[in-house]
Amino acid sequence: MKTLRLERLGWIFMRLSGVVLIALIFTHLTVNLMQDGGVKAIDFAFVAGKLANPFWQWFDTALLWLALIHGTNGMRVVIQDYVLRPRLRKVLLTLLAVSTVTLIVLGTLVIFTLDPCPAGTPADLLPSFCPAV
Amino acid sequence: MVDTAARETRTVIRGTLYRGHEGMWSWVLHRITGIAIYFFLLVHVLDTATVRLDPEIYNTVMGAYKTPLMGLGEAGLVAAIIFHALNGLRIILVDYTKWGTRYQKVMFYVVLALWVVLMAGFLPRHLAHVFAG
Ligand code: HEM
(Lines give C-alpha, C1' and ligand atoms only; values in the text may rest on other atoms or scores of the structure.)
Protein backbone atom coordinates (compact mmCIF):
# COMPACT_ATOMS: atom_id res chain seq x y z
CA MET A 1 0.00 0.00 0.00
CA LYS A 2 2.74 2.42 1.01
CA THR A 3 4.88 1.67 -2.07
CA LEU A 4 1.81 2.09 -4.24
CA ARG A 5 1.17 5.56 -2.87
CA LEU A 6 4.85 6.46 -3.39
CA GLU A 7 4.69 5.09 -6.94
CA ARG A 8 1.62 7.23 -7.61
CA LEU A 9 3.43 10.30 -6.23
CA GLY A 10 6.34 9.62 -8.60
CA TRP A 11 3.91 9.25 -11.48
CA ILE A 12 2.35 12.65 -10.74
CA PHE A 13 5.78 14.24 -10.23
CA MET A 14 6.96 13.08 -13.68
CA ARG A 15 4.01 14.82 -15.31
CA LEU A 16 4.14 18.06 -13.30
CA SER A 17 7.93 18.44 -13.51
CA GLY A 18 7.83 17.48 -17.19
CA VAL A 19 5.60 20.42 -18.03
CA VAL A 20 7.77 22.84 -16.02
CA LEU A 21 10.95 21.40 -17.55
CA ILE A 22 9.68 22.09 -21.06
CA ALA A 23 9.52 25.81 -20.24
CA LEU A 24 12.88 25.77 -18.42
CA ILE A 25 14.82 23.74 -21.00
CA PHE A 26 13.41 25.52 -24.06
CA THR A 27 14.42 28.83 -22.45
CA HIS A 28 17.84 27.40 -21.54
CA LEU A 29 18.45 26.23 -25.11
CA THR A 30 17.18 29.47 -26.65
CA VAL A 31 19.44 31.63 -24.50
CA ASN A 32 22.50 29.37 -24.82
CA LEU A 33 22.24 28.10 -28.41
CA MET A 34 20.08 30.51 -30.42
CA GLN A 35 21.54 33.88 -29.38
CA ASP A 36 24.20 35.49 -31.58
CA GLY A 37 27.19 33.18 -31.74
CA GLY A 38 25.23 30.24 -30.29
CA VAL A 39 27.42 27.62 -28.63
CA LYS A 40 30.55 29.48 -29.79
CA ALA A 41 29.61 32.46 -27.57
CA ILE A 42 29.65 30.42 -24.36
CA ASP A 43 32.67 31.17 -22.18
CA PHE A 44 33.46 32.15 -18.58
CA ALA A 45 32.37 35.77 -19.13
CA PHE A 46 29.01 34.64 -20.52
CA VAL A 47 28.26 32.20 -17.68
CA ALA A 48 29.59 34.46 -14.90
CA GLY A 49 27.50 37.30 -16.34
CA LYS A 50 24.38 35.15 -16.18
CA LEU A 51 25.02 33.71 -12.73
CA ALA A 52 25.67 37.16 -11.24
CA ASN A 53 21.94 37.70 -11.74
CA PRO A 54 19.63 36.22 -9.05
CA PHE A 55 17.04 35.46 -11.72
CA TRP A 56 19.39 33.07 -13.53
CA GLN A 57 20.65 31.68 -10.21
CA TRP A 58 17.15 30.56 -9.25
CA PHE A 59 16.27 29.59 -12.80
CA ASP A 60 19.32 27.29 -12.97
CA THR A 61 18.62 25.92 -9.49
CA ALA A 62 15.09 24.93 -10.52
CA LEU A 63 16.43 23.46 -13.77
CA LEU A 64 19.14 21.51 -11.94
CA TRP A 65 16.88 20.01 -9.28
CA LEU A 66 13.90 19.24 -11.49
CA ALA A 67 15.92 17.82 -14.40
CA LEU A 68 18.02 15.59 -12.15
CA ILE A 69 15.08 14.28 -10.11
CA HIS A 70 12.96 13.75 -13.25
CA GLY A 71 15.86 11.99 -14.99
CA THR A 72 16.72 9.92 -11.93
CA ASN A 73 13.15 8.73 -11.47
CA GLY A 74 13.06 7.79 -15.16
CA MET A 75 16.32 5.85 -14.89
CA ARG A 76 15.04 4.10 -11.76
CA VAL A 77 12.10 2.76 -13.77
CA VAL A 78 14.42 1.69 -16.61
CA ILE A 79 16.70 -0.19 -14.18
CA GLN A 80 13.73 -1.87 -12.50
CA ASP A 81 12.41 -2.90 -15.93
CA TYR A 82 15.60 -4.50 -17.23
CA VAL A 83 17.82 -5.49 -14.30
CA LEU A 84 16.28 -8.54 -12.68
CA ARG A 85 19.26 -9.82 -10.66
CA PRO A 86 18.56 -8.45 -7.16
CA ARG A 87 22.18 -7.65 -6.22
CA LEU A 88 23.04 -5.88 -9.46
CA ARG A 89 19.75 -4.00 -9.33
CA LYS A 90 20.54 -2.81 -5.83
CA VAL A 91 24.06 -1.72 -6.81
CA LEU A 92 22.79 0.26 -9.81
CA LEU A 93 19.98 1.91 -7.86
CA THR A 94 22.44 2.91 -5.13
CA LEU A 95 24.89 4.33 -7.68
CA LEU A 96 22.03 6.26 -9.25
CA ALA A 97 20.96 7.76 -5.93
CA VAL A 98 24.51 8.65 -4.88
CA SER A 99 25.35 10.34 -8.19
CA THR A 100 22.12 12.33 -8.16
CA VAL A 101 22.65 13.67 -4.65
CA THR A 102 26.29 14.46 -5.47
CA LEU A 103 25.39 16.36 -8.64
CA ILE A 104 22.57 18.31 -6.98
CA VAL A 105 24.87 19.43 -4.16
CA LEU A 106 27.78 20.21 -6.50
CA GLY A 107 25.63 22.09 -9.02
CA THR A 108 23.84 24.14 -6.37
CA LEU A 109 27.17 25.11 -4.78
CA VAL A 110 28.53 26.18 -8.18
CA ILE A 111 25.50 28.38 -8.84
CA PHE A 112 25.67 30.22 -5.52
CA THR A 113 29.41 30.43 -4.87
CA LEU A 114 30.74 31.47 -8.30
CA ASP A 115 32.92 34.60 -8.14
CA PRO A 116 32.28 36.43 -11.43
CA CYS A 117 35.45 38.56 -11.07
CA PRO A 118 38.24 36.33 -9.73
CA ALA A 119 41.43 38.25 -8.94
CA GLY A 120 44.41 37.83 -11.24
CA THR A 121 42.39 37.02 -14.35
CA PRO A 122 42.92 39.03 -17.57
CA ALA A 123 40.01 41.46 -18.01
CA ASP A 124 39.14 40.13 -21.49
CA LEU A 125 38.11 36.80 -19.94
CA LEU A 126 35.74 38.45 -17.44
CA PRO A 127 32.23 39.92 -17.62
CA SER A 128 32.29 43.60 -18.63
CA PHE A 129 30.96 44.72 -15.20
CA CYS A 130 34.11 43.55 -13.38
CA PRO A 131 36.13 46.49 -11.99
CA ALA A 132 39.35 47.15 -13.91
CA VAL A 133 42.43 46.37 -11.82
CA MET B 1 2.06 -20.24 -48.88
CA VAL B 2 1.70 -18.78 -45.41
CA ASP B 3 0.49 -21.38 -42.99
CA THR B 4 -2.56 -20.48 -40.97
CA ALA B 5 -0.90 -20.70 -37.58
CA ALA B 6 1.61 -18.01 -38.57
CA ARG B 7 -1.12 -15.89 -40.04
CA GLU B 8 -3.16 -16.22 -36.87
CA THR B 9 -0.19 -15.25 -34.72
CA ARG B 10 0.28 -12.18 -36.84
CA THR B 11 -3.38 -11.33 -36.49
CA VAL B 12 -3.15 -11.57 -32.74
CA ILE B 13 -0.07 -9.35 -32.64
CA ARG B 14 -1.68 -6.80 -34.94
CA GLY B 15 -4.64 -6.71 -32.60
CA THR B 16 -2.66 -5.39 -29.63
CA LEU B 17 -2.40 -1.69 -28.90
CA TYR B 18 1.37 -1.48 -28.64
CA ARG B 19 3.49 -3.95 -30.57
CA GLY B 20 4.65 -2.77 -33.99
CA HIS B 21 2.42 0.31 -33.93
CA GLU B 22 2.70 4.02 -33.21
CA GLY B 23 2.13 3.26 -29.54
CA MET B 24 5.24 1.07 -29.44
CA TRP B 25 7.50 3.32 -31.47
CA SER B 26 6.61 6.37 -29.40
CA TRP B 27 7.39 4.38 -26.24
CA VAL B 28 10.75 3.08 -27.56
CA LEU B 29 11.77 6.55 -28.73
CA HIS B 30 10.67 8.14 -25.47
CA ARG B 31 12.82 5.70 -23.51
CA ILE B 32 15.92 5.97 -25.72
CA THR B 33 15.83 9.78 -25.83
CA GLY B 34 15.23 9.93 -22.07
CA ILE B 35 18.27 7.75 -21.32
CA ALA B 36 20.48 9.71 -23.72
CA ILE B 37 19.43 13.06 -22.22
CA TYR B 38 20.05 11.73 -18.71
CA PHE B 39 23.66 10.76 -19.50
CA PHE B 40 24.26 14.11 -21.18
CA LEU B 41 22.98 15.84 -18.04
CA LEU B 42 25.46 13.92 -15.84
CA VAL B 43 28.37 15.15 -17.95
CA HIS B 44 26.86 18.60 -18.37
CA VAL B 45 26.62 19.37 -14.64
CA LEU B 46 30.29 18.36 -14.34
CA ASP B 47 31.49 20.47 -17.29
CA THR B 48 29.51 23.44 -15.92
CA ALA B 49 31.12 22.90 -12.50
CA THR B 50 34.56 23.63 -13.99
CA VAL B 51 33.40 27.26 -14.23
CA ARG B 52 34.01 27.36 -10.44
CA LEU B 53 37.66 26.29 -10.83
CA ASP B 54 39.16 28.91 -13.11
CA PRO B 55 38.05 30.97 -16.15
CA GLU B 56 40.75 29.53 -18.43
CA ILE B 57 39.91 25.95 -17.45
CA TYR B 58 36.21 26.53 -18.18
CA ASN B 59 36.99 28.12 -21.54
CA THR B 60 39.19 25.15 -22.47
CA VAL B 61 36.46 22.68 -21.47
CA MET B 62 33.85 24.63 -23.44
CA GLY B 63 36.21 24.56 -26.42
CA ALA B 64 35.46 20.84 -26.65
CA TYR B 65 31.80 21.69 -27.30
CA LYS B 66 32.67 23.98 -30.22
CA THR B 67 34.13 21.44 -32.64
CA PRO B 68 32.14 20.38 -35.74
CA LEU B 69 31.67 16.85 -34.41
CA MET B 70 30.31 18.07 -31.07
CA GLY B 71 28.18 20.59 -32.97
CA LEU B 72 26.49 17.66 -34.69
CA GLY B 73 26.17 15.92 -31.33
CA GLU B 74 24.42 19.01 -29.93
CA ALA B 75 22.02 18.93 -32.89
CA GLY B 76 21.24 15.29 -32.04
CA LEU B 77 20.77 16.19 -28.39
CA VAL B 78 18.31 18.97 -29.22
CA ALA B 79 16.48 16.62 -31.60
CA ALA B 80 16.14 14.10 -28.75
CA ILE B 81 15.00 16.77 -26.28
CA ILE B 82 12.33 18.20 -28.59
CA PHE B 83 10.93 14.72 -29.25
CA HIS B 84 10.97 13.76 -25.56
CA ALA B 85 9.24 17.02 -24.60
CA LEU B 86 6.49 16.84 -27.23
CA ASN B 87 5.85 13.13 -26.74
CA GLY B 88 5.76 13.72 -22.97
CA LEU B 89 2.92 16.19 -23.51
CA ARG B 90 1.18 13.56 -25.66
CA ILE B 91 1.49 11.01 -22.82
CA ILE B 92 -0.03 13.53 -20.39
CA LEU B 93 -2.97 14.12 -22.73
CA VAL B 94 -3.51 10.37 -23.14
CA ASP B 95 -3.52 9.96 -19.35
CA TYR B 96 -5.64 12.94 -18.34
CA THR B 97 -8.23 13.43 -21.06
CA LYS B 98 -11.23 11.34 -22.02
CA TRP B 99 -10.37 11.54 -25.72
CA GLY B 100 -6.62 10.98 -25.32
CA THR B 101 -6.57 7.23 -25.92
CA ARG B 102 -8.75 7.52 -29.02
CA TYR B 103 -6.47 10.12 -30.58
CA GLN B 104 -3.08 8.85 -29.34
CA LYS B 105 -2.13 7.74 -32.86
CA VAL B 106 -3.07 11.08 -34.44
CA MET B 107 -1.21 12.87 -31.67
CA PHE B 108 1.91 10.84 -32.43
CA TYR B 109 1.89 12.25 -35.97
CA VAL B 110 1.26 15.73 -34.57
CA VAL B 111 4.34 15.22 -32.37
CA LEU B 112 6.42 14.26 -35.43
CA ALA B 113 5.11 17.26 -37.40
CA LEU B 114 5.87 19.73 -34.59
CA TRP B 115 9.29 18.13 -34.21
CA VAL B 116 10.03 18.82 -37.88
CA VAL B 117 8.86 22.45 -37.54
CA LEU B 118 10.94 23.15 -34.42
CA MET B 119 14.02 21.44 -35.86
CA ALA B 120 13.63 23.52 -39.04
CA GLY B 121 13.75 26.62 -36.85
CA PHE B 122 16.74 25.42 -34.84
CA LEU B 123 19.04 23.47 -37.16
CA PRO B 124 20.04 26.10 -39.78
CA ARG B 125 20.94 28.64 -37.11
CA HIS B 126 22.85 26.14 -34.99
CA LEU B 127 24.77 24.72 -37.96
CA ALA B 128 25.60 28.25 -39.09
CA HIS B 129 27.08 28.95 -35.65
CA VAL B 130 29.03 25.69 -35.63
CA PHE B 131 30.40 25.82 -39.17
CA ALA B 132 30.83 29.57 -39.68
CA GLY B 133 34.44 30.52 -38.99
C1 HEM C 1 23.68 21.72 -26.21
C2 HEM C 1 22.79 22.16 -25.36
C3 HEM C 1 23.14 22.91 -24.09
C4 HEM C 1 24.03 23.93 -23.91
C5 HEM C 1 24.91 24.60 -24.95
C6 HEM C 1 23.99 24.29 -22.51
C7 HEM C 1 24.76 25.28 -21.91
C8 HEM C 1 24.82 25.56 -20.56
C9 HEM C 1 25.58 26.62 -19.94
C10 HEM C 1 26.45 27.61 -20.69
C11 HEM C 1 25.37 26.56 -18.60
C12 HEM C 1 25.97 27.49 -17.55
C13 HEM C 1 24.94 28.29 -16.78
C14 HEM C 1 23.90 28.95 -17.64
O15 HEM C 1 24.18 29.32 -18.79
O16 HEM C 1 22.76 29.08 -17.16
C17 HEM C 1 24.47 25.46 -18.35
C18 HEM C 1 24.01 25.07 -17.12
C19 HEM C 1 23.07 24.09 -16.91
N20 HEM C 1 22.42 23.34 -17.87
FE21 HEM C 1 22.74 23.41 -19.84
N22 HEM C 1 23.08 23.46 -21.87
C23 HEM C 1 22.54 22.63 -22.80
C24 HEM C 1 21.57 21.65 -22.59
C25 HEM C 1 21.02 21.36 -21.36
C26 HEM C 1 19.98 20.35 -21.12
C27 HEM C 1 19.34 19.52 -22.19
C28 HEM C 1 19.73 20.36 -19.79
C29 HEM C 1 18.75 19.53 -18.99
C30 HEM C 1 18.40 18.32 -19.28
C31 HEM C 1 20.61 21.32 -19.18
C32 HEM C 1 20.67 21.58 -17.83
C33 HEM C 1 21.54 22.48 -17.25
C34 HEM C 1 21.64 22.69 -15.81
C35 HEM C 1 20.85 21.93 -14.75
C36 HEM C 1 22.59 23.70 -15.61
C37 HEM C 1 23.08 24.26 -14.25
C38 HEM C 1 24.23 23.42 -13.80
C39 HEM C 1 24.94 24.03 -12.61
O40 HEM C 1 24.99 25.25 -12.49
O41 HEM C 1 25.44 23.24 -11.81
N42 HEM C 1 21.37 21.91 -20.16
N43 HEM C 1 24.13 24.87 -19.56
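Order of the sequence lines fixes the chain letters, A, B, ..., with proteins taken first and strands second; residue numbering starts at 1 for each chain. The analysis underlying the following values was restricted to heavy atoms, covering all of them including side chains, and did not include hydrogens, waters or symmetry mates.
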Comparing A/L64, A/D36, A/I25 against chain B, the one with the most heavy-atom pairs below 4.5 Å turns out to be A/D36
Step through the shown structure and confirm whether more than 12 heavy atoms of other residues, nucleotides or ligands are within 6.0 Å of CZ on A/F13. yes
Under 4.5 Å between side-chain heavy atoms, hopping through other hydrophobics if needed: is there a path connecting B/W27 to B/I91? no
So which part of B/F39 gets closer than 4.5 Å to some heavy atom of chain A, the side chain, the backbone, both or neither? side chain
Tell me which of these, B/I37, B/V78, B/L42, has more heavy-atom pairs under 4.5 Å with chain A than the rest. B/L42
Suppose a student defines contact as a heavy atom less than 4.5 Å from any heavy atom of chain B. Which residues in residues 105-116 of chain A would they list? A/L106, A/G107, A/V110, A/T113, A/L114
Which pairs pass disulfide (SG to SG under 2.5 Å) with one or both residues in residues 86-131 of chain A, sequence neighbours excluded? A/C117-A/C130
Hey, quick one: are B/V43 and B/L46 part of the same hydrophobic cluster, counting side-chain heavy atoms closer than 4.5 Å, chains of contacts allowed? yes
ILVMFWY cluster, A/V101 and A/L103 together (side-chain gap under 4.5 Å): no
I need the minimum non-hydrogen distance between B/H129 and A/M34, along with the two atoms involved. CE1-O, 4.2 Å
Heavy-atom donor-acceptor pair, B/K66 side chain to A/I42 backbone, under 3.5 Å: yes
Tell me whether A/I12 is reachable from B/I92 by hopping between hydrophobic residues (I, L, V, M, F, W, Y) whose side-chain heavy atoms are closer than 4.5 Å. yes
Top of B/G63, B/A49, B/G88 for chain A proximity - count of heavy-atom pairs under 4.5 angstrom: B/A49
Working note: A/L96 + B/Y38, criterion side-chain contact (heavy atoms from CB on, under 4.5 Å); need CA distance, chi angles, decisive distance, verdict. CA-CA 11 Å; A/L96 181 68; B/Y38 172 79; 3.1 Å; yes
Most heavy-atom pairs under 4.5 Å with chain A, out of B/L86, B/L89, B/L41, B/T48, belong to B/L41
Can you say whether B/Y96 sits under 4.5 Å from chain A via the side chain, the backbone, both, or neither, judging by heavy atoms? side chain
Need one label for A/M75: side chain, backbone, both or neither, based on atoms under 4.5 Å from any heavy atom in chain B. side chain
Taking only heavy atoms into account, what residues of residues 43-63 of chain A are found under 4.5 Å from chain B? A/D43, A/F44, A/V47
Check whether B/I35 gets within reach of chain A through its side chain, its backbone, both or neither, counting any heavy atom under 4.5 Å. both
Counting heavy-atom pairs under 4.5 Å to chain B, which of A/P118, A/G37, A/A41 comes out on top? A/G37
Residues B/H126 and A/V39: closest non-hydrogen pair is CE1-CG1, 4.4 Å
When only pairs under 4.5 Å are counted, which of A/Q35, A/H70, A/M14 shares the most heavy-atom pairs with chain B? A/Q35
I'd like to know whether A/D81 forms a side-chain contact (heavy atoms from CB on, under 4.5 Å) with B/R31, so could you lay out the CA-CA distance, the side-chain angles of the two residues, the decisive distance to 0.1 Å, and finally the verdict. CA-CA 11 Å; A/D81 273 357; B/R31 193 156 259 207; 2.6 Å; yes
Inter-chain contacts: residues 105-121 of chain B against chain A, heavy atoms under 4.5 Å: B/L118, B/G121
Check whether A/L29 gets within reach of chain B through its side chain, its backbone, both or neither, counting any heavy atom under 4.5 Å. side chain
For B/A85 and A/I22, work out which heavy atoms get closest and say how close. O-CD1, 3.6 Å
Answer with yes or no whether the hydrophobic clustering places B/Y65 together with B/L53; edges join I, L, V, M, F, W, Y residues whose side-chain heavy atoms lie under 4.5 Å apart. no
